[in-house]
Amino acid sequence: MEQTTSNPIRHRREENDKSQDRFFKLRNILNIIFMIGAVVGLVFFFFSDKTIGTVIILASMVFKMAECCFRFIR
């Protein structure tokens, strides 16, 4: 028997088209700050004061939340 069903047509914006994302560079910078802050926070948490490490990790999470807000604005 012949299969009569076909895949539905999906209309999505191209993920590779960065020209429409005006916050792309800003989001990348915020992500880099978050990653560096998270690594530094973990180093402080495990090898030094746990309170300072926790504060550094929480502060870096603020940058990640800002990046997420820019992603939703897009």
Query raised in the report: Do V55 and K50 touch side chain to side chain, with heavy atoms closer than 4.5 Å?
Result: no
Requested in this report: Spell out, yes or no, whether F46 and M35 are grouped together once hydrophobic residues are joined by side-chain heavy atoms under 4.5 Å, including indirect joins.
Outcome: yes
Report task. Just grab all the salt bridge (Lys or Arg N to Asp or Glu O under 4.0 Å) pairs involving residues 54-73, residues at least two apart or on different chains. Result -> R27-E67, K64-E67, E67-R71
Query raised in the report: Just wondering, do L58 and T54 contact through their side chains at under 4.5 Å, heavy atoms?
Result: yes
Query raised in the report: Rounded to the nearest 0.5 Å, how far does OG1 of T51 lie from CZ of F45?
Result: 9.0 Å
Requested in this report: Supply the atom-to-atom distance F44 CZ to I52 CD1, rounded to the nearest 0.5 angstrom.
Outcome: 6.5 Å
Query raised in the report: Do V62 and V40 share a hydrophobic cluster, counting only Ile, Leu, Val, Met, Phe, Trp and Tyr and linking them when any side-chain heavy atoms are less than 4.5 Å apart?
Result: no
Report task. Could you grab the distance from atom CG of L30 to atom CZ of F63, nearest 0.5 Å is fine? Result -> 7.5 Å
Requested in this report: Report whether I33 and F23 are members of the same hydrophobic cluster (ILVMFWY, side-chain heavy atoms less than 4.5 Å apart, transitive linking).
Outcome: yes
Query raised in the report: Got a second to check how far S48's OG is from I56's CD1, nearest 0.5 Å?
Result: 8.5 Å
Query raised in the report: Does a sphere of radius 6.0 Å around CZ in F34 hold more than 12 heavy atoms from other residues, nucleotides or ligands, not counting ones at 6.0 Å or beyond?
Result: yes
**Report entry** Which atom of S60 lies closest to which atom of A38, heavy atoms considered
**Finding:** OG-N, 3.7 Å
Query - Single-linkage hydrophobic cluster, 4.5 Å side-chain cutoff, L42 and M61 together - result: yes
Query raised in the report: Between atom CG of N31 and atom CD1 of I36, what is the distance when rounded to the nearest 0.5 Å?
Result: 11.0 Å
